[in-house]
Amino acid sequence: MKTLIPLLFALAACAAHAGDKPMQIEGSFDVKLTPQPAPEGQAWGRQSIEKTFHGALAGTSRGEMLAVRTAVKGSAGYVALEEVKATLEGRSGSFFLQHSGLMDKGAPSLTVSVVPDSATGALTGLQGTMKIDVSGGQHRYTFTYSLPAQ
């Protein structure tokens with residue numbers, strides 16, 4: 001019975017979004033990171049985030065980031081939350097993105113996800129993940145998402 005309950009919850013979640021068609025879009029964004037004061041003795045740094053998204057996701061975001069570097073060159077970690085106010089598929093609203101990034105001796109890994117049930121307005125029900133690529137000083141995103149039909 002203990003293994004059956006999580007399975008039922010998973011099936012219910014899939015059924016609730018069975019009509020949602022996964023989409024993928026790409027675009028660019030500008031970002032401004034502003035260091036914030038940290039309490040004395042704190043091992044990590046804090047920065048505010050401001051972004052402007054261009055492309056199929058058009059809007060702005062504001063957020064906060066905590067980051068730490070280790071004594072080992074190329075190893076670090078960061079977490080962040082940002083509130084995105086944007087238009088997607090002609091639908092306007094807001095949602096939160098949660099970031100979890102690691103650098104292990106120069107090998108990066110990053111997960112950026114829409115916080116469940118955080119979307120508002122015409123974006124209510126949004127689910128998705130975002131990949132971020134930075135090369136040549138340009139920031140680009142690939143956003144894989146689903147939205148319930150209106």
Side-chain angles (χ1 to χ4, degrees), residues 6-38 43-70 72-150:
L7 178 60
L8 290 174
F9 278 113
L11 290 173
C14 289
H17 296 284
D20 300 350
K21 179 182 174 190
M23 301 290 291
Q24 189 172 77
I25 58 170
E26 297 180 0
S28 64
F29 65 93
D30 304 312
V31 63
K32 177 183 176 187
L33 299 174
T34 305
Q36 301 296 306
W44 58 84
R46 186 170 68 95
Q47 298 188 60
S48 67
I49 306 166
E50 294 180 42
K51 291 182 184 171
T52 302
F53 291 91
H54 309 283
L57 175 67
T60 61
S61 75
R62 295 180 63 96
E64 294 285 325
M65 174 194 300
L66 296 175
V68 65
R69 288 188 183 171
T70 71
V72 176
K73 183 179 178 164
S75 291
Y78 93 92
V79 294
L81 284 172
E82 66 180 299
E83 182 180 23
V84 179
K85 295 180 180 180
T87 301
L88 175 65
E89 281 189 19
R91 296 163 64 169
S92 296
S94 66
F95 59 93
F96 280 87
L97 289 173
Q98 179 175 313
H99 300 232
S100 179
L102 293 173
M103 184 75 78
D104 185 357
K105 297 173 194 70
S109 66
L110 176 62
T111 302
V112 181
S113 302
V114 174
V115 174
D117 300 314
S118 67
T120 66
L123 297 178
T124 298
L126 176 69
Q127 296 183 337
T129 58
M130 184 176 284
K131 292 184 181 178
I132 295 175
D133 179 51
V134 181
S135 61
Q138 293 286 328
H139 292 80
R140 299 203 49 83
Y141 66 84
T142 302
F143 190 32
T144 304
Y145 67 94
S146 62
L147 267 171
Q150 284 187 317

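Computed from a prediction, not measured in an experiment: that's the story for all the values here.
We find the OG-NZ distance between Ser48 and Lys32 to be 7.5 Å, quoted to the nearest 0.5 Å. Expressed to the nearest 0.5 Å, how far CG of Leu81 lies from CG of Leu66 amounts to 9.0 Å. With rounding to the nearest 0.5 angstrom, the CD atom of Glu83 is 10.0 Å from the CZ atom of Phe95. Rounded to the nearest 0.5 Å, atoms NE2 (His139) and CZ (Phe53) are 11.0 Å apart. From Phe96, atom CZ reaches atom OG1 of Thr120 across 9.0 Å, with rounding to the nearest 0.5 Å.
Using a distance-only test at 3.5 Å, with no hydrogens or angles considered, a donor-acceptor pair links the side chain of Gln36 to the main chain of Thr34. At distances below 3.5 Å, at least one donor-acceptor pair connects side-chain atoms of Tyr141 with backbone N or O atoms of Leu57. Here the side chain of Ser75 pairs no donor or acceptor atom with the backbone of Thr70 at under 3.5 angstrom.
The side-chain contact (heavy atoms from CB on, under 4.5 Å) test with Leu147 is passed by exactly one of Arg91, Met23, Gln127: Arg91. Shown are Arg62, Lys51, Gln98; of these, the side chain to side chain donor-acceptor pair (under 3.5 Å) with Glu82 is made only by Lys51.
When only modelled atom types and interatomic distance are considered, Thr129 and Ser113 share no side-chain donor-acceptor pair under 3.5 Å.
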*Run the side-chain contact (heavy atoms from CB on, under 4.5 Å) check on Leu33 and Ile49 step by step: do they pass?*
CA-CA 5 Å; Leu33 299 174; Ile49 306 166; 3.7 Å; yes
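Remark: Arg69 CZ is loosely packed, at most 12 non-hydrogen atoms of other residues, nucleotides or ligands lying under 6.0 Å away. Atom CG of Asp117 has 12 or fewer heavy atoms from other residues, nucleotides or ligands within 6.0 Å.
Nearest heavy atom pair, residue Asp133 against residue Ser135, reads OD2-OG, 3.6 Å. Here the closest non-hydrogen pair linking His99 and Ile132 is CE1-CD1, 4.1 Å. Looking at every heavy atom in both residues, Leu123 comes nearest to Ala86 through CD1-O, 3.9 Å. The nearest pair of heavy atoms linking Leu110 to Gly101 is CD1-CA, 3.8 Å. The two residues Ala119 and Leu126 come nearest to each other via the heavy atoms CB-CB, 3.9 Å. Across all non-hydrogen atoms, the minimal contact from Pro37 to Arg46 is O-NH2, 3.5 Å.
Glu50 places none of its side-chain heavy atoms less than 4.5 Å from the side chain of Thr60. Contact check for Val114 versus Tyr145: no side-chain heavy atoms found under the 4.5 Å cut-off.
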